[in-house]
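Read through the structure below, which is laid out as structure tokens, and then see the notes.
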There are 2 protein chains.
Amino acid sequence: MDDKLDAIFSALADPTRRAILGRLANGKATVAELADPFELSQPAISKHLKVLEQAGLIRSGREANSRPRVLEPAALKTIADWIADYRRFWDQSFDRLDDYLSKVQGYEND
Amino acid sequence: MDDKLDAIFSALADPTRRAILGRLANGKATVAELADPFELSQPAISKHLKVLEQAGLIRSGREANSRPRVLEPAALKTIADWIADYRRFWDQSFDRLDDYLSKVQGYEND
DNA sequence: TAGCTATATAACCGAATGGATATATTCTGT
DNA sequence: ACAGAATATATCCATTCGGTTATATAGCTA
């Protein structure tokens with residue numbers, strides 16, 4: 001599971017890959033369509049797509065001549081769930097904020 | 001802002017660093033305390049801490065001889081907000097799920 | 001079958017990453 | 001002022017990463 005988080009977070013650490021996901025949020029797209037906005041070679045895009053696919057963030061289809069990609073939301077949920085464990089640290093509605101602030105400001109609490 | 005996301009996601013892409021954040025969720029800790037669970041050299045831990053700090057995920061304090069670290073929740077919120085834009089893709093309550101599924105399964109929709 | 005289109009794979013390169021060991025810095029206590 | 005503790009910085013090394021160009025593969029169309 002740690003490996004899964006590693007792969008997802010590091011896939012998301014690249015702005016090109018995040019932009020690709022953004023495009024796929026509008027629906028499936030071919031490699032050429034995904035490459036279009038970037039000044040990168042086609043193989044560079046294919047590499048990014050492979051990273052995203054191995055992280056489980058997208059899937060490849062098959063359609064005539066092309067291999068369209070679609071978003072795979074489960075992987076995004078995986079890290080959303082991970083982050084949710086920290087939500088109390090910024091969201092007042094978890095109302096542990098006071099405890100947290102006392103720690104940050106160095107008032108002893110152990 | 002893209003740079004900020006790059007730094008945060010890539011800081012989180014390492015299991016040691018995520019474990020350090022997990023420890024800091026229980027309150028501030030010294031470098032020695034943070035290093036304790038790992039079979040890594042002290043400088044290696046200091047490097048990880050620097051990465052976390054430059055991503056804005058933690059802050060350094062000063063206390064007698066030591067430089068305790070505390071969690072900095074704003075950075076986590078930054079990526080939580082980023083992910084929230086995709087929430088509709090897995091959360092039924094956003095009820096665009098049907099649209100999404102039709103795309104995934106390749107039924108034409110453009 | 002030949003040629004075109006869409007995409008993948010291979011080989012290579014420089015920069016960045018994650019680790020180590022050795023050394024420097026800073027504060028505490030005597 | 002000195003010795004020890006806590007931490008940071010410097011240097012080095014192997015590996016990974018993100019890009020390139022060149023080439024291979026697969027499907028479509030004439």
Side-chain angles (χ1 to χ4, degrees), chain A residues 2-24 27-71 106 108 110, chain B residues 2-21 23-24 27-71 106 110:
Chain A
D2 236 30
D3 293 351
K4 207 174 273 186
L5 288 172
D6 288 3
I8 298 171
F9 277 122
S10 77
L12 294 177
D14 183 282
T16 301
R17 289 192 290 259
R18 287 196 306 276
I20 288 172
L21 290 183
R23 168 62 185 80
L24 288 177
K28 73 178 167 206
T30 66
V31 174
E33 287 166 348
L34 292 170
D36 191 54
F38 304 103
E39 295 195 338
L40 289 178
S41 65
Q42 169 264 312
I45 300 295
S46 282
K47 268 197 190 176
H48 282 305
L49 293 174
K50 191 175 226 172
V51 171
L52 288 168
E53 184 158 11
Q54 285 175 344
L57 286 158
I58 66 174
R59 276 189 320 119
S60 298
R62 179 57 79 112
E63 201 164 297
N65 209 2
S66 80
R67 278 152 245 200
R69 304 311 207 269
V70 289
L71 210 57
E108 255 359 283
D110 297 331
Chain B
D2 235 30
D3 293 352
K4 207 174 276 187
L5 288 172
D6 287 4
I8 299 171
F9 278 124
S10 78
L12 294 177
D14 183 283
T16 300
R17 290 193 289 260
R18 287 195 306 276
I20 288 173
L21 290 183
R23 168 65 184 79
L24 289 175
K28 74 179 166 205
T30 66
V31 175
E33 287 166 347
L34 292 171
D36 191 54
F38 304 102
E39 296 196 339
L40 289 179
S41 65
Q42 170 263 314
I45 300 296
S46 283
K47 266 197 193 176
H48 282 304
L49 294 173
K50 191 175 227 172
V51 171
L52 288 168
E53 184 158 11
Q54 286 175 343
L57 286 159
I58 66 173
R59 277 190 319 119
S60 298
R62 179 56 80 110
E63 201 165 297
N65 209 4
S66 79
R67 277 152 246 199
R69 304 312 207 269
V70 289
L71 211 56
D110 296 330

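Because only heavy atoms are used, hydrogens play no part in the values below, and waters and symmetry mates are left out as well, while side chains stay in. Lettering follows sequence order; numbering is per chain, from 1.
- Interatomic distance, CD of A:E63 versus OG1 of A:T30, reported as 9.5 Å (0.5 Å rounding).
- Atom CZ of B:R18 is separated from atom C1' of C:dG18 by 15 Å (rounded to the nearest Å).
- Comparing D:dG19, D:dT20, C:dG19 against the side chain of A:K47 picks out D:dG19 as the nearest.
- In this structure, CD of B:Q54 is placed 13 Å from C1' of C:dT17, rounded to the nearest angstrom.
- Of the candidates D:dG19, C:dT7, C:dG18, the closest approach to any side-chain atom of A:R67 belongs to C:dT7.
- The minimum heavy-atom distance between A:L57 and A:A11, with the atom names listed, is CD1-CB, 3.7 Å.
- In this structure, of C:dT28, D:dA10, D:dT21, it is D:dT21 that holds the atom nearest to the side chain of A:S41.
- Distances shown here put a side-chain N or O of A:S46 below 4.0 Å from the OP1 or OP2 atom of C:dA8.
- As rounded to whole Å, 9 Å separates atom P of D:dT7 from atom CG of B:L34.
- Judged by distance alone, with hydrogens and angles left aside, the side-chain atoms of A:R17 form a donor-acceptor pair with the main-chain N or O of A:S10 at under 3.5 Å.
- Side-chain N/O atoms of B:N65 and base N/O atoms of C:dT28 include no donor-acceptor pair closer than 3.5 Å.
- Each of B:T30 and A:S10 has a nearest nucleotide on DNA chain D; the 5'-most of these lies closest to B:T30.
- Taking every heavy atom of both residues into account, A:I8 and A:A55 meet most closely at CG1-O, 3.5 Å.
- Summarising the geometry, the separation between CZ on B:F9 and C1' on D:dG18 is reported as 19 Å, rounded to the nearest angstrom.
- Counting to the nearest Å, the P atom of D:dC17 and the CG atom of B:D6 are 15 Å from each other.
- Between A:F38 and A:A19, the shortest heavy-atom distance links the atoms CZ-CB, 3.6 Å.
- One interatomic measurement links the two molecules: CD of A:E39 to P of D:dT20, which rounds to 10 Å at whole-angstrom precision.
- Closest approach to the B:K50 side chain among C:dA8, D:dT9, D:dT7 is made by D:dT9 (side chain taken as heavy atoms from C-beta onward).
- Residue-level contact check: B:S66 touches the backbone only, with heavy atoms under 4.0 Å from sugar-phosphate atoms and none from bases.
- Taking atom NZ of A:K28 as the reference point, atom P of C:dT7 lies 13 Å away to the nearest angstrom.
- Contact annotation for B:I45: no contact, since no heavy-atom pair falls under 4.0 Å across all strands.
- Residue B:A32 is classed as a sugar-phosphate contact, given heavy-atom separations below 4.0 Å to backbone atoms only.
- Here the P atom of nucleotide C:dT5 and the CD atom of A:E33 are 17 Å apart, to the nearest Å.
- Applying the 4.0 Å criterion to OP1 and OP2 of D:dA8, one finds that B:R69 has a side-chain N or O inside that range.
- At a cut-off of 3.5 angstrom, counting only N and O atoms as typed in the model, there is no donor on one side facing an acceptor on the other between the side-chain of A:Q42 and the base of C:dA6.
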### Query
Please walk me through it: do A:S46 and A:K50 pass side chain to side chain contact (heavy atoms under 4.5 Å, CB included)?
CA-CA 6 Å; A:S46 282; A:K50 191 175 226 172; over 6 Å; no

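- Under 4.0 angstrom from either OP1 or OP2 of C:dA8 there lies no side-chain N or O belonging to A:R62.
- Distances shorter than 4.0 Å separate some side-chain N or O of A:H48 from OP1 or OP2 on D:dG19.
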